[in-house]
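I have a structure here, written as structure tokens, and I will follow up with some questions on it.
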There are 4 protein chains.
Amino acid sequence: MSGEGLSFPTSIGTSDRDSIRLLGQDLAADLMGKVGFGELAFWLVAGRRPTPRETRVFEAVLVALADHGFTPTAVAARLTYLSAPDSVQGALAAGLLGGGSRFLGVTEDCGRFLAGVLAAHDGPPPGDDEGYDALALKAVTEARAARSFVPGLGHPVHKERDPRTPVLLEIAEQEGLRGPHLRLFEAVGRVHPQVLGRALPLNGAGVCGAALADLGLPVDLLRGFALLARAAGLLGHIAEERRRPIGMDVYLAVDRNAVYTADPGTSPHTAS
Amino acid sequence: MSGEGLSFPTSIGTSDRDSIRLLGQDLAADLMGKVGFGELAFWLVAGRRPTPRETRVFEAVLVALADHGFTPTAVAARLTYLSAPDSVQGALAAGLLGGGSRFLGVTEDCGRFLAGVLAAHDGPPPGDDEGYDALALKAVTEARAARSFVPGLGHPVHKERDPRTPVLLEIAEQEGLRGPHLRLFEAVGRVHPQVLGRALPLNGAGVCGAALADLGLPVDLLRGFALLARAAGLLGHIAEERRRPIGMDVYLAVDRNAVYTADPGTSPHTAS
Amino acid sequence: MSGEGLSFPTSIGTSDRDSIRLLGQDLAADLMGKVGFGELAFWLVAGRRPTPRETRVFEAVLVALADHGFTPTAVAARLTYLSAPDSVQGALAAGLLGGGSRFLGVTEDCGRFLAGVLAAHDGPPPGDDEGYDALALKAVTEARAARSFVPGLGHPVHKERDPRTPVLLEIAEQEGLRGPHLRLFEAVGRVHPQVLGRALPLNGAGVCGAALADLGLPVDLLRGFALLARAAGLLGHIAEERRRPIGMDVYLAVDRNAVYTADPGTSPHTAS
Amino acid sequence: MSGEGLSFPTSIGTSDRDSIRLLGQDLAADLMGKVGFGELAFWLVAGRRPTPRETRVFEAVLVALADHGFTPTAVAARLTYLSAPDSVQGALAAGLLGGGSRFLGVTEDCGRFLAGVLAAHDGPPPGDDEGYDALALKAVTEARAARSFVPGLGHPVHKERDPRTPVLLEIAEQEGLRGPHLRLFEAVGRVHPQVLGRALPLNGAGVCGAALADLGLPVDLLRGFALLARAAGLLGHIAEERRRPIGMDVYLAVDRNAVYTADPGTSPHTAS
């Protein structure tokens, strides 16, 4: 097999008999023991090495998103491990597949929303909070008129205040990285009650999206960082499922309380 | 891009501007409307078209394995759909990933076990039940000595009798397809109590594995048919989850009954 | 563990010590050997048993969608099997995960598009081709004005005519099931050149979506049937990969033609 | 829904209205900005916080395993992203599903092999290299007699020397963490030529498994760390696929070089 003419360009990794190169560096000589794992993940996606300040904010985001207890994705991973304990990769993949629009998507939705508002704004980003408040007021008002949600507002459990939000803002401020997306997000927190008629907390997934966008990461891939963070949390759940399983009890709690009904139900949201 | 020298042989499908060929047939002219879906699935894996008798046994197996209520795989698929309703493929994949060694693997394990016993036997398959009983007795005795399970024996719910077993045996008999694997499986059912000291039912997953092996399907891929069958059942669960969801209630039943404990637990089966 | 108060309703499956019930039927006595696999899949999703005529159209759709050669999903499944041959479920799941918006999504997109046009139309469906042409002309014109694609038009390989389309229309006609969605789809085929300025073929994925919608299946789950069909095709690819592997050659064709470039590239469609 | 009597113990995460607790800590106050991401991943799986020395070795392992260019898993992820660009989680999951026995399994296999040899050894670990050489000689000899592979030996590309191996050994030595598993692995490297008749390099995946085992991580879950590392690499590939795609070219290189053959092939390793 020759395949003359084929050519697959990449800036990630290549290797030959004696060396492994990653991101243009010598993996063994330049990266192992010298670069942290979070730092490398940023570099792999962004195509540039983050500064130590950027790395601290980035890792704070990954830590914030790594786990949230018995989420649907954690339970799905544990049930999959129960069924197929020979395939750790399958249990991890099953858990990550829940990282879609509803439970893990807020981070990306929020980053994209804020980036869109800033991109639509003529001229440079505002110079002060008043300028951000004006931008936020316009954006929240338009979202309400379009009957669409403002991502990053509200949380089913943390109804008044999400403890992650002020801490991430403070870390970003310490590192000189409280940029336009975070400032606009704060402004959304200040102005939304006058449009929506009630005060909702700025949630942790949302502030993480804003922080990642301020780091210059591609807003269409922010979900990917939530998935990477969650991979660590899911490994924790799979390890605990090995040590002290709950999967069988979850399964039995559902199966033993199953009730057959002849009515197949009706869909609340069929298109036709 | 030319890729001279590359060559990827296949007996499955190719297409050009005017036609689509599948398994050497013209898909539109020869297969659509003329071949059933189960028949095609058999053909795709086995590389030969099944007879109508083979198709009836094969589809009976798929029907037998399609669903078993709120199994861990069905619950995992529903939880994944809850989290990521935009990705039906993700919910289906998450459910299938539970098709491993424990809950869906018995079909393949049983077929492989029976095939191994028959392959190790010198000469042609036995001519009568006595011959099969002798083979089965030897195999069960060896399995017990090696402290390994005899696949296809016992069921957590159907403790006395799995209703699928006699029906599939009867269908195979009607179609002239009760071959060596099924006959050996029946013999295991007759002789195991004298070795194990108690009578266990021949389960449905096991009899399906025996039937698939008698159809000449590759025993190392029998799990694949269980997965295909389960794909239909999982689609049923996903469709029902849209019409009348239970995923959120399952999640809350787990999350609200979570109890934090500082003890990380210990593994019952670490290798070191 | 008791779990009083929990209740999970379902119309799919339940079982007790002596019986397995599926869709309100006795699985062993009423379904095995009496119901085909395609028929059961329809029943599981729709919550009602299809007629023999409906089953024939439905299975023709599944056969049409089962495989299309070395698609990206088939290649992904084979590469995953190469890497993890111990996990058939992982290879199958990896293949199905490609069943998203681009390669397998047309079936659902087309069914939803046609259902939306019919739902927006006041009064009963048109009585003749002229009526459907008027509906189609309006819909295609609006889609063009909104710069959105009309799903089901065009194919990268079958540039003039997709051989599946006329055959499925004929099968539906034979079975008395060429309903409003199929008739509207045909009308789209007749009228679109006068709006788009060129004639594109009605593709096979699109006609399958129209046929499934005419069968009364939920348009938001049509992708699920494409996935079920493709599961059979992927099993065929995995079985062939065992017998005559190409995965390693594909991998080497890519890896050996990798070219490192320091330029990380730029995204054509970043939101910010 | 009440669910009295249900109780699901966990040492990972819980949350209430005002706080989120992870691993018994306050997530916002004690972890964000204070714990690195690699450190947290270790803690989640092991149930104890690693020391800075352990963290450095652990992150060096994750960096070593994050990527190896256009591997089958990276190509599968890119093909899945090509087919379903709306589902980043699906592309990531598809890539991880290749993390099975063959390409990513060596890390776990090697750790488990070494742990098994040490566990079977009476008394404390050897005090010097001679003692490890004796242990290794016995283990390699037994493996050869049983015709099983010694995991961690040899590499398809790095035929003489894997550059990751000496670097990781040195980092472990620097941090005082070159423990029994790494020392036994080195001994395998010294003694195997006299048993196998040729000298093979100690590969990078193997040394990573030995290092993880020396960190006290559960040897049955070492594959999980390889998967976590690879998740970062796969995100890099998905990000690059967005910026400068190769998936379509890979697909076309396969599809255009497909050659239909009527011979379905034969399996080299069917059980029956």
| query | Given that the side chain runs from C-beta out, which part of Leu31(B) has a heavy atom under 4.5 Å from chain C: side chain, backbone, both or neither? | reply |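 Both backbone and side chain.
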| request: Taking the side chain as every heavy atom from C-beta outward, state whether Ile20(B) and Asp162(C) have any pair of such atoms under 4.5 Å apart. | output: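 SC-SC contact between Ile20(B) and Asp162(C) confirmed.
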| said: Less than 4.5 Å to any heavy atom of chain B: does that hold for the side chain of Leu22(C), its backbone, both, or neither? | reply: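 For Leu22(C), the side chain is the part near chain B, not the backbone.
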| Arg243(C) versus Pro218(B): any side-chain heavy-atom pair under 4.5 Å? |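 No - every pair of side-chain heavy atoms lies 4.5 Å or more apart.
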| field | chain C contacts, top residue of Leu234(B), Thr10(B), Leu97(B), Leu227(B) (heavy-atom pairs, under 4.5 Å) | value |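 Heavy-atom pairs under 4.5 Å are most numerous for Thr10(B).
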| Euclidean distance, Arg164(B) CZ relative to Met32(C) CE, rounded to 0.5 Å |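 So the gap between those two atoms works out to 7.5 Å.
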| Between Arg56(B), Glu39(B), Lys34(B), Glu108(B), which has the largest tally of heavy atom pairs under 4.5 Å with chain C? |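 The answer is Arg56(B).
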| Val88(B) side chain near Leu221(C) side chain, heavy-atom distance below 4.5 Å |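 Result yes, sub-4.5 Å side-chain heavy-atom pair found.
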| said: How close do Arg244(C) and Ser11(B) get, counting heavy atoms only, and between which atoms? | reply: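 The pair with the smallest heavy-atom distance is NH2-OG, 3.0 Å.
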| message | Do Leu40(B) and Glu59(C) make a side-chain contact, defined as non-hydrogen atoms from C-beta onward lying under 4.5 Å apart? | response |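 Answer no - side chains too far apart.
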| field | Neighbourhood of chain C inside residues 168-177 of chain B, taking heavy atoms under 4.5 Å as contact | value |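 Interface residues of residues 168-177 of chain B: Leu168(B), Ile171(B).
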| How many angstroms lie between OG in Ser15(C) and NE2 in His155(B), if you round to the nearest 0.5 Å? |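 Answer rounded to 0.5 Å: 7.0 Å.
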| Sub-4.5 Å side-chain heavy-atom contact between Leu27(B) and Pro163(C) |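 No - every pair of side-chain heavy atoms lies 4.5 Å or more apart.
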| Closest contact, heavy atoms only, Leu235(B) versus Leu228(C) |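 So the minimum-distance heavy-atom pair works out to CD1-CB, 3.9 Å.
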